[in-house]
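A short worksheet on the structure shown next.
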Amino acid sequence: MTSGPRVAVVMKGWPRLSETFIAQEVAGLEARGVALEIWSLRRPTDKTRHPVHDRVVGRVVYLPEYLRDDPGRVARAWLTARRLPGYAAARARLLADLRRDPTGNRVRRWGQALVMAAELPPTVEHLYAHFLHTPASVTRYAAIMRGLPWSVSAHAKDIWTSEPWEISSKLADCAWLTTCTAVGLQRLRELAPRPERLQLIYHGLDFAHLPPPPAARPLRDGSDPADPVIILSIGRKVEKKGYGDLLNALARLPGDLHWRFEHVGGGALGDALATEAKALGIAERCLWLGAQPQKAVFAALARADLFVLASKKAADGDQDGLPNVLMEAAHQGLPIVSTRAAAIGEFMEDGTNGLLVAPGAPAELAMALERLVRDPALRRRFAAAAGHTVRTRFSYESGVDWIAGALGQPCASARAAE
C-alpha cells in the first residue's frame with residue numbers, strides 16, 4: 001500500500017484534453033507515492049484522452065453536475081452531511097456567500113459539496129482543488145463539513161474573473177495555495193490575508209514522457225507555392241487566445257508569401273472563426289483540426305515550421321497564465337511568435353528566444369510572422385534558444401516535489417519512482 005496521507009483532488013472535469021498540465025501533476029504525485037483519488041464536478045466531454053490520463057490509477061468519482069440529475073443522491077448526502085461536526089460552520093459559510101452571490105450556481109456547488117462530504121472515504125486527510133473558482137468552492141464547503149485541511153492550485157481565469165471578496169475569503173481558509181505565474185502570484189498576494197501561504201510553481205514539462213523533437217526541419221522560406229511554410233497554433237477557440245487577431249494578421253501577409261495555417265483545439269468560437277477566415281479570403285489556407293489526443297498534437301508540432309499564439313485579455317477579464325503549449329512548442333524545437341499578454345514574458349524574451357508583439361495588434365503580429373516565415377536561419381536560432389530556456393528553467397519536477405511534500409509525502413526517491 002502506498003505510504004502517506006490519502007488526498008482527494010477536486011477538479012472541474014476529468015479527463016480534459018486541454019488540461020494536460022493538471023494530468024501530468026496528478027500522475028507525478030502518484031509516482032511520488034501520494035495515494036489520491038479524483039473528484040470531478042462534471043463528466044468528460046472530450047471523445048479521446050491523452051496517455052498521461054491512463055497513467056493515473058486513483059479512483060475517479062463524478063459528482064452530480066446538476067443537482068436535478070440525481071436528486072436522490074443529493075438528498076441522501078444531505079441526511080448524512082447534516083450530522084457531520086462541521087456542517088453548521090459550512091452552512092454559515094454558505095449563507096454568508098449567498099448574501100454576496102445569491103445565484104443558483106452557488107446552491108449547486110453546495111449540493112456537490114454535500115455529496116462529497118458524505119461520500120469521502122474515512123482515509124482521506126486532505127482536499128486539494130485545481131482552480132480557485134467553482135472547484136475550490138466545492139472543496140471548501142466539503143472540507144469544513146469534514147473538518148479537513150484544504151489547499152488549491154490557481155491558474156488563470158479563476159484568478160482574473162473571480163470576485164476579490166471571494167478570493168480573499170478562500171485564501172484566509174486554505175492551508176496553502178500554488179499558482180503558476182508571477183503575475184498571478186502578485187494579484188493573489190494583494191488579496192491574501194496571509195501571503196506567506198502562497199507559492200509560485202510553474203507547471204513546466206514532464207520531459208520523460210514527451211517525444212523527442214525532430215532531428216531537423218525543412219528550410220522553407222515561403223517562396224515555393226508547392227512547399228508552403230506551416231504556421232501552427234494550439235489552443236481553445238476562445239476570446240483570450242486571440243484567434244480573430246491571428247486570422248487578421250495572416251490575411252495581411254504579402255501575396256508572394258506561401259504559407260498554410262493549422263490549428264489544434266476545440267472551443268465555442270469554432271464556427272465564427274471559420275466564417276471569419278472565409279470572409280478574409282484565407283479559408284483555403286486554414287486547416288482546423290479540432291481537439292486532438294497527444295499523439296496527434298505532437299505530430300502537428302513535428303510537421304510545423306513555426307508556432308504562434310496571439311493571447312490577449314478577454315472582455316470579461318479572462319486571460320492566459322503561462323500557456324504550457326508554448327513550452328511544448330519550444331521543447332519540440334519550434335520558433336515562437338506570441339504576445340506580451342499575461343505571463344508569457346516570464347518564459348519568452350523578445351528577440352532572444354522568440355518574437356513578442358502587443359496583444360490585439362494584428363498588423364504588428366503580421367510583421368513578426370512574415371519575418372520568421374522568410375528567415376529559416378532566424379527560426380532555427382530562436383528555436384534553439386527557446387528549447388534551452390524550457391529545458392533549464394521549466395521542468396515540472398521541483399514543483400511536483402513541493403506539492404507532494406505539502407501533502408505530506410516525502411520525495412527523496414521521487415525520480416527513481418518514476
(request) Any chance you could lay out the salt bridge (charged side-chain N to carboxylate O under 4.0 Å, His left out) test for Glu119 and Arg76, step after step, and finish with the verdict? (result) CA-CA 10 Å; Glu119 297 181 2; Arg76 290 190 299 272; over 6 Å; no
(request) For residues Arg140 and Arg93, determine if any side-chain heavy atom of one lies less than 4.5 Å from a side-chain heavy atom of the other. (result) yes
(message) Looking at Lys237, I want to see if its NZ is surrounded by more than 12 non-hydrogen atoms of other residues, nucleotides or ligands under 6.0 Å.
(response) yes
(request) Can you sort out the partners of Ser40 under side chain to side chain contact (heavy atoms under 4.5 Å, CB included), two or more places apart, ordered by chain and number? (result) Trp14, Tyr62
(message) Which residues pass the salt bridge (Lys or Arg N to Asp or Glu O under 4.0 Å) test with Arg16, not counting sequence neighbours?
(response) Glu19
(message) Using a 6.0 Å cut-off, check whether atom CZ of Arg340 has over 12 heavy atoms from anything other than its own residue.
(response) yes
(request) Please tell me if the side chains of His53 and Val26 come closer than 4.5 Å, counting only heavy atoms from C-beta onward. (result) no
(request) Rounded to the nearest 0.5 Å, what's the gap from CE on Met367 to CZ on Arg252? Could you check? (result) 11.0 Å
(request) Can you measure from OG1 (Thr134) to CE (Met11) and round to the nearest 0.5 angstrom? (result) 12.5 Å
(message) Would Gln319 and Ile159 count as a side chain to side chain contact (heavy atoms under 4.5 Å, CB included) here? Give the steps.
(response) CA-CA 9 Å; Gln319 60 181 312; Ile159 298 173; over 6 Å; no
(message) I need the minimum non-hydrogen distance between Asn324 and Gln24, along with the two atoms involved.
(response) ND2-NE2, 4.1 Å
(message) So does Ala377 get a backbone contact from the side chain of Asp375, meaning a donor-acceptor N/O pair under 3.5 Å?
(response) yes
Extract all donor-acceptor atom pairs below 3.5 Å that involve side chains of residues 326-334 and protein atoms in other chains or at least two apart in sequence.
| unit_1 | atom_1 | unit_2 | atom_2 | d |
| --- | --- | --- | --- | --- |
| Gln332 | NE2 | Pro211 | O | 2.9 |

(message) Quick check: do Arg6 and Glu125 have side-chain heavy atoms less than 4.5 Å from each other?
(response) no
(message) Rounded to the nearest 0.5 Å, what separates atom CD1 in Ile344 from atom OG1 in Thr339?
(response) 4.0 Å
(message) Do Asp206 and Leu210 have side chains that approach each other closer than 4.5 Å (heavy atoms only, starting at C-beta)?
(response) no
Extract all donor-acceptor atom pairs below 3.5 Å that involve side chains of residues 294-310 and protein atoms in other chains or at least two apart in sequence.
| unit_1 | atom_1 | unit_2 | atom_2 | d |
| --- | --- | --- | --- | --- |
| Arg303 | NE | Glu262 | OE1 | 2.9 |
| Arg303 | NE | Glu262 | OE2 | 3.4 |
| Arg303 | NH2 | Glu262 | OE1 | 3.0 |
| Asp305 | OD1 | Arg220 | NH1 | 3.0 |
| Asp305 | OD2 | Arg220 | NH1 | 2.9 |
| Asp305 | OD2 | Ile230 | N | 2.7 |

(message) For the residue pair Thr103 / Asn105, report whether a side-chain donor-acceptor contact shorter than 3.5 Å exists.
(response) no
(request) Check for a donor-acceptor pair, side chain of Arg42 on one end and backbone N or O of Gly13 on the other, with a separation under 3.5 Å. (result) no
Let me have the donor-acceptor pairs involving side chains of residues 176-188, under 3.5 Å, with sequence neighbours excluded, atom names and distances please.
| unit_1 | atom_1 | unit_2 | atom_2 | d |
| --- | --- | --- | --- | --- |
| Thr178 | OG1 | Ser153 | OG | 3.2 |
| Thr179 | OG1 | Ala154 | O | 3.0 |
| Thr181 | OG1 | Gly184 | N | 2.9 |

(message) So, using side-chain hydrogen bond (donor to acceptor under 3.5 Å, both in side chains) as the criterion, who are the partners of Lys241 when residues are at least two apart?
(response) Asp320
(message) Over 60° means perpendicular and under 30° means parallel, so tell me whether His263 and Phe261 are parallel, tilted or perpendicular.
(response) tilted
(message) Quick check: closest heavy atoms across Phe207 and Ser395, and the distance to 0.1 Å?
(response) CE1-CB, 3.5 Å
(message) Side chains of His130 and Glu25, heavy atoms from C-beta outward: is any pair under 4.5 Å?
(response) yes
(message) Rounded to the nearest 0.5 Å, what separates atom OH in Tyr128 from atom OG in Ser151?
(response) 6.5 Å
(message) With a 3.5 Å distance limit and no angle check, can you tell me whether Glu364 reaches the backbone of Val357 through a side-chain donor-acceptor pair?
(response) no
(message) Test your reading of the model: is there a side-chain donor-acceptor pair from Arg73 to the backbone of Val115, 3.5 Å cut-off?
(response) no
(request) Specify the closest pair of heavy atoms between Asp350 and Leu356, including all atoms of both residues, with the distance to one decimal. (result) OD1-N, 2.9 Å
(message) Using a strict threshold of under 4.0 Å (side-chain N to carboxylate O), is an ion pair present between Asp158 and Lys170?
(response) no
(message) Give me the atom names and distance for the closest heavy-atom approach of Tyr243 to Ile234.
(response) OH-C, 3.4 Å
(request) Locate the shortest heavy-atom distance separating Ile201 from Gly399; write the atom from each residue and the value. (result) CG2-CA, 3.3 Å
(message) Using side chain to side chain donor-acceptor pair (under 3.5 Å), reason through His133 and Thr161 one step at a time and then give a plain yes or no.
(response) CA-CA 9 Å; His133 47 17; Thr161 64; 5.9 Å; no
(request) Would you indicate whether the side-chain heavy atoms of Val56 and Val52 approach each other to under 4.5 Å? (result) no
(message) For Glu166, is there an ion pair with Arg106 - N to carboxylate O distance below 4.0 angstrom?
(response) yes
(message) Nearest 0.5 angstrom please: Glu239 CD to Leu269 CG, how far?
(response) 8.0 Å
(request) Show the numbers, then the answer: is there a side chain to side chain contact (heavy atoms under 4.5 Å, CB included) between Gln292 and Thr48? (result) CA-CA 7 Å; Gln292 295 290 328; Thr48 58; over 6 Å; no
Side-chain donor-acceptor contacts of residues 275-290 below 3.5 Å, not counting sequence neighbours, with atom names and distances?
| unit_1 | atom_1 | unit_2 | atom_2 | d |
| --- | --- | --- | --- | --- |
| Thr275 | OG1 | Asp271 | O | 3.0 |
| Glu276 | OE2 | Asn248 | ND2 | 3.1 |

(request) For Asp256, check salt bridge (Lys or Arg N to Asp or Glu O under 4.0 Å) against everything at least two apart and list the hits. (result) Arg374
(request) Return yes if some donor-acceptor pair links the side-chain N/O of His203 with the main-chain N/O of Tyr396 below 3.5 Å, else return no. (result) no
(message) To check you understand the geometry: which heavy-atom pair defines the closest contact between Ala249 and Pro362, and what is its length?
(response) CB-O, 3.4 Å
(request) Only counting residues at least two apart or in another chain, list the ones meeting salt bridge (Lys or Arg N to Asp or Glu O under 4.0 Å) with Arg49. (result) Asp54
(request) Taking the side chain as every heavy atom from C-beta outward, state whether His388 and Arg393 have any pair of such atoms under 4.5 Å apart. (result) no
(request) May I ask you to test the Leu67-Trp110 pair for a side-chain heavy-atom distance under 4.5 Å? (result) no
(request) Under the side chain to side chain contact (heavy atoms under 4.5 Å, CB included) rule, collect the residues that match up with Pro228, sequence neighbours excluded. (result) His258, Arg260
(request) Taking Arg236 for its side chain and Gly265 for its backbone only, find out whether a donor-acceptor pair lies under 3.5 Å. (result) no
(message) Any side-chain to backbone donor/acceptor pair from Thr389 onto Ala385? Under 3.5 Å, distance only.
(response) yes
(request) Could you pull out all residues at least two apart from Ser223 that satisfy side-chain hydrogen bond (donor to acceptor under 3.5 Å, both in side chains)? (result) Asp221
(request) Measure the CG-CD1 distance between Asn353 and Ile336 for me, rounded to the nearest 0.5 Å. (result) 7.0 Å
(message) Using the salt bridge (Lys or Arg N to Asp or Glu O under 4.0 Å) criterion, which residues pair with Arg59? Sequence neighbours excluded.
(response) Glu37
